[in-house]
Structure formats: C-alpha cells, structure tokens
Amino acid sequence: RGLARACRLDLNGTAACPHPAMSMENSSLWARHGRSLAGAYSAVFFLDSPWAGAIMACATFLYPNVGAAGLLGLLSGFAVLQLLGSRPALAYRGFVLYNSLLVGLFTGYLFKLDAGVALLICLASGLTLLLTLFLEAALGNLGLPVLSVPFTLSAMLMALAGSRFSRLTDATWYFTEQAPAVFTALPGYLTHFLRSLGACLCLPDPLFGAVLLFAIAFRSPLMAVFSVVGFSLGCLAEGLSQLAPLNTKDPHFFNYSLMFPAIAAVFLVPSASSVGLAAVGTLMGSLVTAGGLAFWGAFRIPITALPVNIK
C-alpha cells in the first residue's frame with residue numbers, strides 16, 4: 001500500500017514507481033551530507049568524528065546567536081562546495097568546511113544576528129571556502145597543511161570591515177557566561193582551561209569548554225590529554241615571561257591547546273620524540289603569540305588562530 005501511494009502517473013498515464021535502490025541512494029547521500037556537516041565541528045580539533053561533532057554543534061546553541069551564525073556559515077560553505085562539485089571525500093571529512101564554520105561562529109560572537117549579518121556571514125563563508133580550496137591546491141604541492149589559515153585571514157578581514165558597517169550590533173556586550181554556579185567552586189586553573197578550550201569555537205565559556213572536552217575525550221582521550229598539556233605549557237611560558245598575572249579572560253590561550261596535539265599526534269606519529277618536539281614548539285609558540293598580540297592589537301585586530309597556524 002505504501003508503495004502504491006509512492007507511485008505517480010507519468011505523461012503517458014502509466015504508473016511510475018521510484019526504484020528502491022534510488023531511494024536508498026538518496027538516503028545514503030543525505031546521511032553523507034549530515035556526516036560532512038557534523039564532522040566540520042570535530043575537524044577543528046583534528047578529529048574525524050561526526051558523533052563528537054554533533055555534540056559540539058548542539059553545544060554551540062547554549063548561545064543561540066553564535067550557534068545559528070555558525071550553522072549558517074557552515075551551510076553557506078557547504079553550498080559553495082556543492083556548486084563547485086568538489087570531491088565528496090573532502091566534504092565528508094569536514095576539513096574543507098570547518099574554516100567556513102569558524103567564520104560563522106566568529107561573526108556570531110562579534111555581532112547580533114540579523115538579516116544584514118546573515119548576508120555578511122554567507123558572503124564571508126563562501127569566500128573562506130574558496131580561499132580554503134585555493135590554499136589546499138597551492139600548499140598541497142609543498143606538502144603543507146592548510147589548517148585554519150583561511151579562517152584567520154577572513155576573521156582579520158571581518159574585524160577590519162566591521163568598523164565600516166555602522167548598522168551592525170555589537171554582540172560582545174551581551175555575552176555572559178552560561179556556566180552554572182558549580183563552576184565557581186572549581187580551581188581557577190581548570191576554569192581558565194575550559195574557557196580557553198571553548199574559545200576554539202569562538203565561545204569562551206567554561207560550560208561550553210567542558211562539553212567540548214567531553215566530546216574530544218569521547219573520540220580520543222589522548223587528544224584531550226594533549227590539549228591540557230599544551231595549555232599548561234603555554235600558560236607556564238607566558239607566566240614566566242611577564243610580571244603581571246595572566247588574564248584568564250583573554251581567549252588566545254586556546255592556541256596552545258591546539259598547537260601541542262597537532263605536533264605531537266597529528267602531523268607526527270605519537271612517540272617520545274614527537275611529544276618532546278611538541279613541548280618545545282609550544283613554548284616557542286608563546287613568542288609568536290606575544291608578538292602577534294602586540295602587533296595586531298595596535299590595530300584592534302584579534303589574532304584568533306594565528307599562532308597555531310604559524311607553528
């Protein structure tokens with residue numbers, strides 16, 4: 001009976017029923033698209049896990065303005081990717097799409113979402129996707145990864161362009177942490193780490209960071225441990241080189257949580273040598289971070305993920 005309802009009359013008046021194989025193929029296609037979109041969230045942490053990405057995606061809606069902006073940026077990048085007919089395998093892994101996602105999240109953190117901001121996100125995310133594909137082709141011949149270079153360039157461009165758009169509403173004034181009171185009882189170091197981990201997806205909130213840590217550990221406990229180690233080394237390097245206490249509200253510390261795992265376990269086979277190299281690289285990264293904060297801060301441009309991309 002269900003098959004009969006699915007049948008339609010063609011131009012000759014004869015019944016035409018969809019082939020079961022075609023229906024299964026369409027279902028598989030939509031499932032692959034869903035994995036592509038969810039995988040973009042986890043790809044920020046060098047993970048290929050749609051399930052972990054789905055947890056992260058849901059968590060971004062703790063702040064609906066940021067979550068909706070990020071999803072819009074991701075869909076915009078995905079639409080451009082489909083129009084270009086790029087390889088499905090790349091879209092499935094999410095490593096092409098996550099830069100567009102980050103642009104949407106970053107814009108949603110800066111500005112209150114409305115029609116004008118939505119158009120801005122679509123344009124910026126599409127541009128970021130094209131930049132990602134270009135850099136992938138250019139750097140791929142040299143054996144270099146793209147990482148989040150497209151997002152870093154687009155975010156700096158957005159920060160500069162935002163000063164020219166007078167109708168944009170600054171959303172940072174409305175940003176208040178959603179972490180429950182129990183987080184105030186945690187050690188300051190742990191709260192600082194969770195806040196910086198949340199900043200990886202443009203949401204410096206301890207509760208959001210805790211969800212991200214759970215999702216990362218769910219997929220790869222080793223990557224979760226390396227994130228903590230990288231953050232600790234970065235704080236140690238900055239703490240020893242300055243007299244004033246560290247500003248725990250500054251979101252740039254997330255670079256260390258990405259820098260150490262990338263060197264220790266992503267681009268090198270995990271070993272004692274790779275861990276030692278990651279430690280040295282993270283400590284050196286504090287110099288890049290300090291220089292970037294001093295230089296770009298003079299122009300009121302956030303450094304976002306600049307240090308981790310240089311290292």
Side-chain angles (χ1 to χ4, degrees), residues 36 39-49 53 73-74 77-78 80-81 84 86-103 105-106 124-158 200-201 216 220 222-223 226-227 229-230 233-234 252 254-271 273-293 295-296 301-311:
S36 301
Y41 288 85
S42 64
V44 176
F45 303 94
F46 311 106
L47 300 174
D48 185 9
S49 174
L74 177 60
F78 184 75
V80 174
L81 190 66
L84 294 176
S86 186
R87 289 175 293 174
L90 293 177
Y92 169 74
R93 294 173 185 170
F95 292 106
V96 170
L97 291 170
Y98 78 83
N99 280 286
S100 296
L101 164 67
L102 289 174
V103 168
L105 292 170
F106 179 74
S125 298
L127 175 63
T128 303
L129 191 279
L130 295 176
L131 184 59
T132 302
L133 296 177
F134 169 76
L135 290 177
E136 185 184 58
L139 298 179
N141 295 329
L142 302 175
L144 297 175
V146 175
L147 296 178
S148 53
V149 173
F151 159 66
T152 302
L153 296 177
S154 296
M156 291 181 174
L157 182 64
M158 290 285 292
C200 292
L201 292 182
I216 295 171
S220 174
L222 182 63
M223 293 294 284
F226 281 171
S227 296
V229 174
L233 288 173
H252 76 268
F254 77 87
N255 282 279
Y256 302 120
S257 294
L258 296 176
M259 198 179 299
F260 188 92
I263 300 174
V266 177
F267 301 115
L268 297 174
V269 178
S271 64
S273 299
S274 68
V275 170
L277 183 60
V280 174
T282 303
L283 293 174
M284 291 181 176
S286 64
L287 297 177
V288 178
T289 303
L293 288 171
F295 180 79
W296 295 109
I301 299 176
I303 63 171
T304 58
L306 180 64
V308 69
N309 283 288
I310 292 179
K311 292 307 292 180

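Values reported hereafter were calculated over all heavy atoms of this structure, with side chains retained and with hydrogens, waters and symmetry mates removed. As the structure is a prediction and not an experimental result, all values here were calculated from the model.
- Under the 4.5 Å side-chain criterion, counting only non-hydrogen atoms from C-beta, Ser286 is in contact with Tyr256.
- Between the CD1 atom in Ile301 and the CE atom in Met158 there is a gap of 13.0 Å [rounded to 0.5 Å].
- Contact of the Phe226 side chain with the Ile216 side chain is not registered, since no non-hydrogen atoms from C-beta on lie closer than 4.5 Å.
- When atom types are taken as modelled, the side chain of Ser100 and the backbone of Thr128 share no donor-acceptor pair closer than 3.5 angstrom.
- The distance from the CG atom of Asp48 to the CZ atom of Phe95 is 5.5 Å, given to the nearest 0.5 Å.
- A donor-acceptor pair under 3.5 Å links the side-chain atoms of Ser42 to the main chain of Leu47, judged by distance alone.
- The shortest distance between side-chain heavy atoms of Pro307 and His252 does not fall below 4.5 Å.
- For the pair Val80 and Gly126, the tightest heavy-atom approach, listed with the atom from each and the gap, is CG2-CA, 3.9 Å.
- With sequence neighbours left out, Phe45 forms a ring pair (Phe, Tyr, Trp, His ring centres under 6.0 Å) with no residue at all.
- Contact annotation: the side chain of Leu233 approaches that of Val229 to within less than 4.5 Å [non-hydrogen atoms, C-beta and beyond].
- Looking at every heavy atom in both residues, Leu139 comes nearest to Pro145 through CD1-O, 3.8 Å.
- A distance of 11.0 Å separates CG of Leu135 from CG of Leu130, quoted to the nearest 0.5 Å.
- Closest of all the heavy-atom pairs between Ser274 and Val269 is OG-O, 3.2 Å.
- With contacts defined as side-chain heavy-atom distances shorter than 4.5 Å, the pair Ile303/Thr289 qualifies.
- Side-chain atoms of Asn99 never come within 3.5 Å of backbone atoms of Thr152 as a donor-acceptor pair (strictly under, hydrogens ignored).
- The two atoms that bring Gly230 and Thr282 nearest to each other are O-CG2, 3.7 Å, heavy atoms only.
- Nearest heavy-atom pair across Leu147 and Phe46 is CD2-CE2, 3.9 Å.
- For the pair Gly281 and Met259, the tightest heavy-atom approach, listed with the atom from each and the gap, is O-SD, 3.8 Å.
- With a 4.5 Å cut-off on side-chain heavy atoms, Pro302 and Phe106 count as touching.
- Judged by distance alone, the side chain of Tyr98 and the main-chain N or O of Gly39 form no donor-acceptor pair under 3.5 Å.
- Without hydrogens or angle criteria, Asn255 side chain to Thr304 main chain gives a donor-acceptor distance under 3.5 Å.
- Shown here is Phe134, whose CZ atom has no more than 12 heavy atoms of other residues, nucleotides or ligands within 6.0 Å.
- To the nearest 0.5 Å, the span separating CG on Leu144 from CD on Glu136 amounts to 12.5 Å.
- A heavy-atom distance below 4.5 Å is not found between the side chains of Leu74 and Phe78.
- The OH atom of Tyr41 sits 5.0 Å away from atom CG of Leu101, with the distance rounded to the nearest 0.5 Å.
- Applying the side-chain hydrogen bond (donor to acceptor under 3.5 Å, both in side chains) test to Ser148 and every residue at least two apart in sequence or in another chain returns Asn309.
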